[in-house]
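In what follows, chains carry the letters A, B, and so on, assigned in the order in which the sequence lines appear, proteins first and then strands, with residues in each chain numbered from 1.
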Amino acid sequence: MAENHVILTTGLHNRYWILDVQEVHGARGSAEKHLTITASKTSHPTEICILKDGWESTPVSTGDVVHLEGQCVSGTWLIDRESGFLVLLPDVLISGTSIASGIRCMRRAVLGEMFKRFDGGSKQMLNGTIVHEIFQKAAMSGDFSMERLQLLANQALLSPNYLGDMYTLKLTQEDMKQEIWEYLPALTDWARDYLHTSPQAGKKLLTLKFIAVTDFVDIEENIWSPRFGLKGKIDVTAGVRIHRKGRPPLNRVMPLELKTGKESNSIEHRSQVILYTLMSLERRSDAEAGFLLYLKTGNLHPIVGNHMDRRELLKLRNTLAHHIGNSMEKEGKTRMAPLPGIITDRQACKWCPQIRNCALYDRAPDYYSSESQQLLVQQESEHLTEAHLLYFSHWLLLCALETHTMERKGGRHNIWLQSAQEREKSGGCMGNMQLIGPVKNQSDGVYIHRFERRRGGEQGVTGLIVGDRVVVSDQDLQLIGVAAGYVTDVSSTAVSCSLDRDLSKCSSDVVFRLDQDEGVMGLSTHLVNLSKMMERSPPSERLRELIVDFHPPQFIDNLSSVLPREAKDTVANILKGLNKPQKQAMKKVLLSKDYTLIVGMPGTGKTTTICTLVRILHACGFSVLLTSYTHSAVDNILLKLRRFKVGFLRLGRAQKVHPDILAYTEEKCRANGIHTLPELENLYNKELVVATTCMGVKHPIFSRRRFDFCIVDEASQISQPVCLGPLFYAQRFVLVGDHQQLPPIVQNTEARLLGMDESLFKRLERKSEAVVQLNVQYRMNSKIMSLSNTLMYGGRLECGSERTASAMLALPSQGSVQRQLELSLGRPEDLAWVQAALEPLNPVCFLDTTQAGCRASDIGVIAPYRQQLKVISGLLAGPAFSTVEVNTVDKYQGRDKSVIIVSFVRSHPEGNLGELLKDWRRLNVAITRAKHKLLMVGSAPTLRRYAPLEKLLNHLTQESMISFTLPRLLSC
DNA sequence: ACATTCACTAATGGG
């Protein structure tokens, strides 16, 4: 029986489940594979699929999902030399370039899918990208005149993206201009020879046919093909007229692939075109052929892909899909599956961008070694010890496990495997949409569209919110992934979004669906960081010593050598506002040669401390890279920092940045006039302080700039490989966090058990000499603080002042409420929150405090589960409670309120225990958010089954903080 | 047994 997440179907987009694989010998001893397959979850009825003539080598096994092309005659599919295709794991879409790279080295292609490299490329690559753009823009306007091309080239040379690339490659705009200029004549020549709308014109090709391009159907057409398991962007989709001797001319729509490099006409280039003809089948009838256009010479090569070419390329794709889709194997203990072997072609390895990963994989303990003696590959890992390799392989496995779970939950395949209606139920989709009104061309390649729900059909709420990345498709699977972009406005019946292409050409009766794009990034940043850590370079070597080998962090003895004389007074002044542990933290950081860990217990002023630290470092003339995992955490610090005279540059998408910080973003600064490379360099070097998220380290600035210090806030919540990202670019680092609060979220249970939720902060905490604790807090009164002290901090947490310790909730009209309650309830012992006790979800308990004079905005409601929050929010729908914030524990981390009401939800003394409440750290966060009053609601017998809550309840009982003998409600 | 943030991407060419 197929597992739940597997979706099976028949028809054009069929999906079969492999029940059995038999290797048999057919006629004349030739090998065959006979598959027993089914398109039904119940495994009935079954069909047979015979693989022969080379197809039998497809790495297919029981439990795989396949797509079949061809014919099924009385329950039997035949995939042989002449007909039929088998597409293994068809929902793993593989790009045309990936498959082409697999022709020479399959191992490289597999590694390329795992480790997206970011090395900034080369001058030739940048040139290629820019010349492509010039061609494409000229095509869109139908104008290939020299003036037009020069104008487009000049525009491109000023474009922000390319300027960033030039910065990385240390090129000048003049260098680039020269490079590009050389291509322009070939472009005009090509257009003169081939681009004709008149019936007679065209150019004779080697094949003795006249060819003319009559129109440009699409540019950068994006195709996701779940039929063939392919994806790709087609440079140019052209309407072509082929003149034939003695016969009427033939009109076809064909892919045109542009190349700016050598006119190699290589198998890789030709394969790319053949794959594009296959993908095009998702959109239109078979083109059968396409073109390679070499822009260096202007020569056009027709590429015809026959069944054999397509067959061989799809077999290559299947092998690739097999390795990507089965990255791990499980025999008792899970480990990484073997990769394709190492090739013997030294020349190919010499230039391979994956050679380090190739070598790491080969030597990783517990992985399969290729047993190849390839010297070039061996050299790549010589500098690493067993411990380093173990660290790498361990984390690679953890990431693979987690990726597996993430993909199973919400991959892009839901767009074509689930109907819009089904998808809407789980959120993140809006179907039954119609394109309304004109499409506005907002800027270069950004088009504003408005979609409205069609009459009839499902209405209701949408899972989309402003800022979400979305993919646009049609509901009939003709235009899967036709455009992508961001939601700019949303209501229950309409969505506006900025898309990467203009859809106004689509027929007006197309029914669209918008799917939230969870992204295919997976954990690629994690893997790239892990790989970089193994690099043969000084910064990587140093991080390996500190993080993998646990070399003791070093400190200097005396502040005087780091503090510049002229900064002393300023620093002393800044220090004045701090308490003792905070001052110690500052000193420790200044004395550190490697790293410092600042443990910020709840309410101890982490943000203030970081802000002060930055001010001090800035005053000393040190450069600082300020990061955290989330945009909001980064901006929190910046909002404080901007009040002092500390300048900074904020990197990151403006859409995600706090409005008050926008003025400091690169985007804003650039809009104020940056057109030349020197101007950009100046922007990048101007400020001592640069702030971004940990994931933002792909930015060009990091290809060249280095920092004296890197500060990572929320470090205890950041996954280890992500946290590594910014550390490569700084001399020393400071991690700020509290491992007694929430750890990084890991979905895969096995990965979590193997330690994936250990942050770098937690790992390094064992080096106690690097740790400084902020234990003086200004948030909770002493009673509330005592809970957490008992539970997690062993009494180390202290109140910062008598005012904090004794602060109580002020309720101006408490007396009158009390009297009312006495009248209505009669029994004096049932006062105040009795109603709430009987019905935990009843909002009356909030009503009490509101009427008693507490502002709604001072009240926060916390529950561990989203569903619970929806219920509570629903009950609090009235205007009086609109400012009561209802949120999850996770979302409340780092924040506080005067009154906090925690709902523990669960009430089932024998039911299954959820994972969430078992976490000590999540409970610790929940009970340390309140300043003056903490109300907890839950069923004690149920909760006692969770170890952390049992300890909490014991403490509460001891301190007489429980209000009922058969308690439903706990209070302090 | 359900908690969440980040992310523009597939292709750019060189032996």
Report the nucleotide, chosen from [options], that has the shortest atom-to-atom distance to any side-chain atom of [X].
| X | options | result |
| --- | --- | --- |
| A:Gln347 | B:dG13, B:dG15, B:dC6 | B:dG15 |
| A:Thr630 | B:dT12, B:dC6, B:dA3 | B:dC6 |
| A:Lys891 | B:dA3, B:dT12, B:dT4 | B:dT4 |
| A:Ser95 | B:dT12, B:dA10, B:dA3 | B:dA10 |
| A:Ile745 | B:dG13, B:dT4, B:dT5 | B:dT4 |
| A:His631 | B:dA7, B:dT12, B:dG14 | B:dA7 |
| A:Thr888 | B:dT12, B:dA3, B:dA10 | B:dA3 |
| A:Arg469 | B:dT12, B:dT5, B:dC8 | B:dC8 |

Length of the [atom1]-[atom2] vector between [X] and [N], whole Å:
| X | N | atom1 | atom2 | value |
| --- | --- | --- | --- | --- |
| A:Arg346 | B:dG14 | CZ | P | 23 Å |
| A:Tyr629 | B:dC6 | OH | P | 7 Å |
| A:Leu230 | B:dT9 | CG | P | 19 Å |
| A:Glu714 | B:dT4 | CD | P | 14 Å |
| A:Asp635 | B:dC6 | CG | P | 10 Å |
| A:Met406 | B:dT4 | CE | C1' | 10 Å |
| A:Leu527 | B:dA7 | CG | C1' | 14 Å |
| A:Asn265 | B:dG15 | CG | C1' | 17 Å |

Pick base, sugar-phosphate or nothing for [X], based on heavy-atom distances below 4.0 Å to the nucleic acid.
| X | value |
| --- | --- |
| A:Asn127 | nothing |
| A:Asn161 | base |
| A:Lys350 | nothing |
| A:Leu93 | nothing |
| A:Gly96 | sugar-phosphate |
| A:Glu257 | sugar-phosphate |
| A:Gln747 | base |
| A:Ala348 | base |
| A:Tyr162 | nothing |

Secondary-structure stems, DNA chain B, at least 3 Watson-Crick or G-U base pairs under 3.5 Å: none
Check this one for me: any side-chain N or O of [X] less than 4.0 Å away from OP1 or OP2 of [N]?
| X | N | result |
| --- | --- | --- |
| A:His269 | B:dG13 | no |
| A:Thr693 | B:dA7 | yes |
| A:Tyr865 | B:dT4 | no |
| A:Lys233 | B:dT12 | no |
| A:Lys123 | B:dG13 | no |
| A:Lys231 | B:dA10 | yes |
| A:Thr525 | B:dA7 | no |
| A:Thr97 | B:dA11 | yes |
| A:Gln272 | B:dT12 | yes |

query: Which heavy-atom pair separates A:Gln717 from A:Leu742 by the least distance, and what is that distance?
result: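 In this case the closest contact between A:Gln717 and A:Leu742 is CG-O, 3.0 Å.
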message: Do A:Ile927 and A:Ile900 have side chains that approach each other closer than 4.5 Å (heavy atoms only, starting at C-beta)?
response: no
query: Hey, are the side chains of A:Arg423 and A:Asp515 touching, using non-hydrogen atoms and a 4.5 Å cut-off?
result: yes
query: Which whole number of Å gives the distance between the C1' atom of B:dC8 and that of B:dT12?
result: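 My reading of the C1' atoms in B:dC8 and B:dT12 gives 15 Å.
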What I want to find out is whether [X] reaches [Y] closely enough, with some N-O distance under 4.0 Å, to be called a salt bridge.
| X | Y | value |
| --- | --- | --- |
| A:Arg922 | A:Asp890 | yes |
| A:Arg104 | A:Glu268 | yes |
| A:Asp218 | A:Arg283 | no |

field: A:Asn887 or A:Thr749, whichever maps to the more 5' nucleotide of DNA chain B
entry: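 By nearest-heavy-atom nucleotide position, the 5'-most residue is A:Thr749.
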task: Give a yes or no answer on whether the side chain of A:Arg752 reaches the backbone of A:Val746 with a donor-acceptor pair at less than 3.5 Å.
output: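 Present.
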query: A:Asp635 side chain to A:His658 main-chain N or O, any donor-acceptor pair under 3.5 Å?
result: yes
- prompt: Is the cationic atom of A:Arg653 (NZ for Lys, CZ for Arg) positioned less than 6.0 Å from the six-membered ring centroid of A:Tyr486 and within 45 degrees of its normal?
  reply: yes
message: Walk me through whether A:Lys762 and A:Glu758 qualify under salt bridge (charged side-chain N to carboxylate O under 4.0 Å, His left out).
response: CA-CA 6 Å; A:Lys762 194 172 171 194; A:Glu758 184 191 62; 5.9 Å; no
